[in-house]
Amino acid sequence: MAARFIGSVVAPVLWPGLSRRCSQHATGLARSPGSLRPLGSNAQPLWRMGQYTPAALGEQLSRSYCSTQSPDVYTAPPQPLAREAPSVGHGFNTLANVKVDLERKELNVSWEGSGAKSQAYPFVWLRDNCHCPQCFHPTALGRLPSSTHHLNVDVIADVVEISADGRSLIVQWDDGHESEFLFHWLGYHRFDQSLDDQLLYPKQSLWGSDVNIKSFDFDELLAEDHSLYSWLAELVTRGVALVKNAPAEVGQVYKLAERVAYLRATTYGATFHVMSKPDPSSVGYTTGPFAMHTDYAPLSRTPGVLLLHCILPAGEGGESLLVDGFKVAQDLKKIDPEAFRLLTTYEFDYSEKGTDCFGSFYMHSRHPVIKLNELGDVEQIVISNQSRDPMLRVPVDQIQPIYHAFNKYFNMLQLPENLLQYKLQKGDILTNDNRRVLHGRNSFQTNARHLEGGYVEWDEVNSRLRALTLQLQKNTTDE
Ligand code: OGA
Ligand code: ZN
Ligand code: ZN
């Protein structure tokens, strides 16, 4: 994976000029910038020349912290071995008492302060989570293979005590091994009562066309961690945000993605360019309208977050269309539970064939329109009429009901109270959750409209958010 990626990213400094690429494009190559290769016999494909080296951008991103606001949206687990004060927001008091229950093979721990609940911790779980250097690598932060007794349910604590300052619980095991557990680490890991990682089941605010999309300044995002945090948090909660004032030239998507982690390349390269092309390989590459869709449905893991940078807006038309697929799914569930059931049960096939950065490809996947998670909540919407395959592996008597349900949902997506229109300005980067928010566009007049798009993945977005949460909390407690 990584090796493929290294070869696939084009550092903008290596691109000699857009107009030349456009004319290459006009010779009929497929979809993305990855396909924008010189056609001369001895020419190197441009995408092979780039290296995924941030330094090649000629700019080191400065990372500073704006201390005027502190994040309060998400919690992240305290570092297992943290010796400092508990992280802001976790709010655990020091330990008050510990009782041994030999019959149940567990400890009962309580914290100081009124309202603090006690918690039972089975011995085996405590032993399994010993963080001494023999059991847990202090820098790799992972269990060591030497901790062979860690899964033994018969393990017994011989001696148990709370330190004088109430900050740690010390356990001596029947084999002489000793473990120490910090009060806030224990408090955080209270099984079903724990705070949990909020990004695993994020709270989302659903919206209609009256939503006020939040804007973020491109330079601030590159320079300030708090701004970065707020943008990513907005992507989690609303699934859409606008980045303003990026330079109107290729390569900005790459820079923005690098603040999170890295771009997710596709078969079209690290980024793709949306512009009107002869013999287009996508209905996006015409001047025509593009119906509401989520990107790249033929992939089993569809792209997580879309970054779409407007380098050149359309003179007339070309407005972006956006709709919160989760909100409309909820509406559908209320007014037509059977349609909702059908769309969460049966799957459509999606396929895409072509030749691009990595040679010929033939993507094929299968998704329900509305995907539910293990709690029964909506976790993903997949719609792409352009790549929906005739293959439909459902009972034939279900085909008409499925079409009926799909048509209903698709029409509801486009109701005026749901569908938002926004015309991208030069330098705007539209960012949205590709698993939740559908996008499309109106037709436009001029041929010159040009967008550069790319993707980052949710794992990386969530990882950056967690890391920023810890970092910003630490900065706050250090002040
Ligand atoms: C696309 C796309 C939107 C636009 O190419 O997938 O959604 O505004 N384009 O052209
Ligand atoms: Zn140990
Ligand atoms: Zn799209």
Side-chain angles (χ1 to χ4, degrees), residues 73-74 198-216 230-242 289-297 302-308 319-348 367-385 388 402 404-424 430-442 455 458 461-462 465:
V73 183
Y74 300 107
Q198 296 175 1
L199 289 167
L200 295 181
Y201 300 101
K203 285 201 186 81
Q204 289 157 329
S205 29
L206 306 182
W207 49 267
S209 53
D210 56 351
V211 65
N212 220 338
I213 295 187
K214 266 199 191 169
S215 295
F216 298 86
S230 304
W231 168 53
L232 298 178
E234 190 64 10
L235 281 174
V236 172
T237 48
R238 277 220 181 74
V240 63
L242 199 58
F290 200 169
M292 304 306 300
H293 64 280
T294 54
D295 274 2
Y296 227 154
T302 63
V305 174
L306 168 66
L307 314 174
L308 205 51
E319 295 84 4
S320 299
L321 310 173
L322 293 161
V323 62
D324 184 350
F326 285 10
K327 185 255 179 196
V328 182
Q330 201 178 63
D331 292 348
L332 181 72
K333 190 177 179 183
K334 266 188 224 139
I335 65 166
D336 192 340
E338 176 57 10
F340 183 83
R341 188 191 69 78
L342 287 165
L343 295 183
T344 53
T345 305
Y346 292 109
E347 294 180 321
F348 283 113
H367 304 276
V369 171
I370 302 171
K371 209 174 268 185
L372 302 180
N373 67 12
E374 60 282 7
L375 302 179
D377 296 327
V378 177
E379 92 173 346
Q380 187 178 1
I381 307 294
V382 179
I383 290 183
S384 172
N385 284 336
R388 192 155 39 74
I402 289 165
H404 179 75
F406 182 42
N407 189 37
K408 186 158 192 172
Y409 181 57
F410 200 65
N411 286 332
M412 283 172 68
L413 290 168
Q414 292 165 86
L415 291 174
E417 67 257 35
N418 293 328
L419 189 69
L420 175 78
Q421 288 205 27
Y422 174 80
K423 175 139 181 182
L424 288 171
L430 178 65
T431 64
N432 68 267
D433 179 352
N434 186 55
R435 309 236 172 111
R436 166 180 173 184
V437 174
L438 293 97
H439 63 283
R441 63 133 200 268
N442 289 334
Y455 306 109
W458 272 110
V461 170
N462 288 339
L465 265 171

Apply side-chain contact (heavy atoms from CB on, under 4.5 Å) to the pair I402 and T345, showing each step before the final yes or no. CA-CA 10 Å; I402 289 165; T345 305; over 6 Å; no
Between [atom1] of [X] and [atom2] of [Y], what distance do you get to the nearest 0.5 Å?
{"X": "L420", "Y": "H439", "atom1": "CG", "atom2": "NE2", "answer": "14.0 Å"}
{"X": "Y422", "Y": "L430", "atom1": "OH", "atom2": "CG", "answer": "8.5 Å"}
{"X": "L306", "Y": "T294", "atom1": "CG", "atom2": "OG1", "answer": "10.5 Å"}
{"X": "R238", "Y": "R436", "atom1": "CZ", "atom2": "CZ", "answer": "9.0 Å"}
{"X": "F348", "Y": "L343", "atom1": "CZ", "atom2": "CG", "answer": "7.0 Å"}
{"X": "N373", "Y": "E379", "atom1": "CG", "atom2": "CD", "answer": "5.0 Å"}

Treating [X] as the side-chain partner and [Y] as the backbone partner, does any N or O pair qualify as donor plus acceptor under 3.5 Å?
{"X": "N411", "Y": "N407", "result": "yes"}
{"X": "S384", "Y": "H293", "result": "no"}
{"X": "N418", "Y": "M412", "result": "yes"}
{"X": "T431", "Y": "A241", "result": "yes"}

Any side-chain heavy-atom pair of [X] and [Y] under 4.5 Å:
{"X": "L413", "Y": "I383", "value": "yes"}
{"X": "D324", "Y": "Q204", "value": "no"}
{"X": "T344", "Y": "P368", "value": "no"}
{"X": "W231", "Y": "L235", "value": "yes"}
{"X": "V323", "Y": "Q414", "value": "no"}
{"X": "L332", "Y": "I370", "value": "yes"}
{"X": "R435", "Y": "F326", "value": "no"}

Test side-chain hydrogen bond (donor to acceptor under 3.5 Å, both in side chains) on W458 and D433 and set out the steps. CA-CA 9 Å; W458 272 110; D433 179 352; 3.1 Å; yes
I381 and Y409: CA distance, side-chain angles, deciding distance, side-chain contact (heavy atoms from CB on, under 4.5 Å) verdict: CA-CA 11 Å; I381 307 294; Y409 181 57; 3.4 Å; yes
Going through the checks in order, is the side-chain contact (heavy atoms from CB on, under 4.5 Å) test met by M292 and F410? CA-CA 8 Å; M292 304 306 300; F410 200 65; 4.3 Å; yes
Would you please say whether a donor-acceptor pair under 3.5 Å links the side chains of N434 and Y455?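 Checked: N434/Y455 side chains show no N/O donor-acceptor pair below 3.5 Å.
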Verify the neighbour count for atom NZ of K333: are there more than 12 heavy atoms of other residues, nucleotides or ligands below 6.0 Å? no
Distance-minimising heavy-atom pair for S209 and P416: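 So the minimum-distance heavy-atom pair works out to OG-O, 2.6 Å.
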In terms of heavy-atom contacts, N432 and V437 come closest through ND2-O, 3.5 Å
Evaluate the criterion side-chain contact (heavy atoms from CB on, under 4.5 Å) for residue pair I335 and K408; output intermediate values, then yes/no. CA-CA 11 Å; I335 65 166; K408 186 158 192 172; 4.2 Å; yes
